[in-house]
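All remarks here apply to the structure that follows.
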Amino acid sequence: MQYAPTVFGDSSGTTSGCPTGLQNLSSNVNAPPYQWSIARMTNALRTGGISAPELAQTHLDRIAARREVNAYINVTGDMATIAAASSDQSRNLPLAGIPIAIKDNITLEGVPCTCGSRMLENWIAPYDATVVERLKAAGAVILGKTNCDEFAMGSSNENSHFGSVQNPNAPGRVPGGSSGGSAAAVADFQAAAALGSDTGGSVRLPAAFCGVVGLKPTYGAVSRWGLVAFASSLDQVGVLGRTVDDTKRVFEVIRGYDPKDSTSMRNLLASPIPETLTIGLPREYYGNGLDPEVRRAVTGTAQALQAAGHRLVDVSLPNSPYTIAAYYIICCAEASANLARYDGVKYGYRSAATQDLSSMYGRTRSEGFGMEVKRRILLGTYVLSAGYFDAYYATAQKVRARIAADFANAFESVDCLLTPTAPTCAFKLGEKLDDPLAMYLMDIYTTSVNLAGLPAISVPCGRSNAGLPIGAQIIGRAFEENLIMSVASGIEEACAM
Ligand code: GLN
C-alpha cells in the first residue's frame, strides 16, 4: 500500500544531497587512520596493521592541527599515550585501543571536569564515572574532555566558559549543543567516537548539525554515576559516532545496571526485531516552523524506508505543542535544586571579594555561573516557590504524564517513530544568542523523548542545498535501542547508495 503523505507539503522530494559522507570515508582504503571506522581500527590493531600508540598519536596530531574547532577543553595526551602503550595486551577487548572523547560533564579521574563553567574550572574529578570505568575496562583510550554548554544548558555550545565550537562542516556556524564539542570532535576525526549527555536533545541536536550519529538511550539504560547532574529525571549519557555501527559498539560497552545509580535498570531481554516495521510519522512534528529542506530530506527518508519494505502510518501525538513549556519548567526546577551545591564552600570557584558568609555565597554564584545558568536557576526557583508551584511545576508534571501517554498510545500501533531531529540546519554563531526562546525552540522535536524516558537516535539523512547536514530522528519503545539502531542503519544504507 502506498503511503499518502497528508502531513507533508512536498511529497516529491528525495533525500537531497545524499550520500551524507562520513560513513563512506571509512571504506576508502587510502583514508588516514583517524578517519577509519571502529571496526576497521579494531581489525588493523588485531592484525598488526597499526599499533595502539600509533592510532592514539594520529588522533592527538589531528587534535593539535585543528585547535581552531575548539572541540576539547582538556586534551589528556599523556594519559592517552600511557593507556595506548598498555593496550596491546588487551587486544581482544571490545574497544581495545579505540580513541574516545568524553564530554566535560562526565568525570575522568585526575582530570578537571569543568562542565564548561568557570565554577568548576579548577575542579579535578576524584573518581571515574561508571561509563568511563566501563570504557577503560573495554580497552578504550581516552583522548580528553570535550567542550559543552555550561552545565549542559544550551543548544549551540555558545554558553561555554571556554568559548564556542566551530561546526566542522561549516565554519562560522554552531555545532549544536550542548554536546557540541563531542559532535565536532567526531565529525572532524578528532576522536573515533565520543560520550555526550542528553537531557533534552544534547546528543541528538549536535549530531544532526554536525552530520554524525547520536544515540540517546532509554532513561535507566546507562548509569549516570559521575555525570554531573543538570535535571536528574531527564539526564542520560549518550553516544556520538560517525556510523551506527560505531555508536552501537560504544553503547554496548557503557549500557547496563549499576548499583551506584538507583535509576539504572538491569539489561532487559531485547525482543526480536520484525523484518517489516510499522513506522509512525507524528504529524505534529512536520508542521509549521519546519524548514522545507529538512522536511524534504526526512520525507525522502521515510519513502526510502517504505521502498525497503517498511510500512508508514500517520500518527498523532496531540500534546506535542506543550512539550517545550513542560520541559523548560521541569529542567529549570531540577537545575535550581541540583546547582545549589555550588556555593564556594565545598568545591569549585570561590569569590575572593567577600566580607561574610552570605556575601561569599552570593558573589561566588554571581561570578561563577554564566547568564544562561543563572536564568535557569531563577526560573526554576520561581516555578518551585510556594504560590506558583501548582500553577507551573505541578502542571508541567501533568503535561509530562500526558506526553508519555501519547507515546504509549502511538506505540500500540507502530514499532517506532520517524521525525526530524531539529527544525532547521546549523545556524550561524551568534544568531540566536539574544533570543532564548528561539534557542529553546531548537529542542522542539527532542525534549518530548526525555520527558517520556524513551530511546532515540539521530542519523544523517541528507544535506541542505548549502551543504549543511540534516538529521532524522527515530524514537523507540523503552529499551528498544536495537530496533531504532537497525532502522538507523537502514537509513545509513539508503543514503550511501
Ligand atoms: N537544549 C536543551 C537545554 O538547553 C537540552 C540540553 C541537554 O540536553 N543537556 O536544556
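Residues take their numbers from the sequence shown, with the count starting at 1. Whatever order the structure lists them in is the order used to number ligands and atoms, beginning at 1.
- Only the side chain of R376 comes within 4.0 Å of ligand 1, counting heavy atoms alone; its backbone N, CA, C and O stay farther away.
- Defined by atom type and a distance below 3.5 Å, a donor-acceptor pair is missing between the side-chain atoms of T199 and N450.
- Ion pairing of R62 with D188 is present here, as a side-chain N (NZ or NE/NH1/NH2) and a carboxylate O approach within less than 4.0 Å.
- The existence of a salt bridge linking K136 and E133 is excluded, since no basic side-chain nitrogen approaches an acidic carboxylate oxygen closer than 4.0 Å.
- A salt bridge is absent between K216 and D198; no separation between the charged side-chain nitrogens and carboxylate oxygens falls under 4.0 Å.
- Residue G200 has at least one heavy-atom neighbour below 4.0 Å for each of these atoms of ligand 1: 5 (C), 7 (C), 8 (O).
- Of the polar atoms of K103, none of the N or O atoms is found under 3.5 Å from an N or O of ligand 1, judged by distance alone.
- Per-residue contacts place S178 under 4.0 angstrom from the following atoms of ligand 1 (heavy atoms of the residue considered): 9 (N).
- Look at Y440 and you'll find every heavy atom at least 4.0 Å from all atoms of ligand 1.
- Every atom of ligand 1 with a heavy atom of Y328 under 4.0 Å away is listed here by number and element: 1 (N), 2 (C), 3 (C), 4 (O), 10 (O).
- Counting only N and O atoms by type, the side chains of K103 and S179 include a donor and acceptor under 3.5 Å apart.
- Crowding of Y392 atom OH: a count of heavy atoms from other residues, nucleotides or ligands under 6.0 Å not exceeding 12.
- Of the N or O atoms in C331, none lie within a sub-3.5 Å distance of an N or O in ligand 1.
- When only interatomic distances are considered, the shortest N/O to N/O separation between F230 and ligand 1 does not fall below 3.5 Å.
- Contact record, E121 with P112: O-CB, 4.2 Å, taken as the closest heavy-atom pair.
- A salt bridge is absent between D291 and R295; no separation between the charged side-chain nitrogens and carboxylate oxygens falls under 4.0 Å.
- For the pair K374 and E372, the salt-bridge criterion is not met [side-chain N within less than 4.0 Å of a carboxylate O].
- When each atom of ligand 1 is checked for a heavy atom of M153 under 4.0 Å away, the hits are 4 (O).
- Distances from ligand 1 to the non-hydrogen atoms of M439 include no value under 4.0 Å.
- For ligand 1, the atoms closer than 4.0 angstrom to any heavy atom of D198 are 8 (O).
- The single protein non-hydrogen atom nearest to atom 5 (C) of ligand 1 is Y327 OH, 3.4 Å, given as residue, atom name and distance.
- No N or O atom of G177 sits closer than 3.5 Å to an N or O atom of ligand 1.
- Atom 6 (C) of ligand 1 has its closest protein heavy atom at S202 OG, 2.8 Å.
- Summary of contacts: the protein heavy atom closest to atom 2 (C) of ligand 1 is D443 OD2, 3.1 Å.
- The heavy-atom pair separating L339 from V373 by the smallest distance is CD2-CG1, 3.5 Å.
- Checking only distances, S155 does come within under 3.5 Å of ligand 1, N or O to N or O.
- With a 4.0 Å heavy-atom cut-off, ligand 1 is reached by the backbone of A152 and by its side chain too.
- The two atoms that bring D149 and G154 nearest to each other are OD2-C, 3.2 Å, heavy atoms only.
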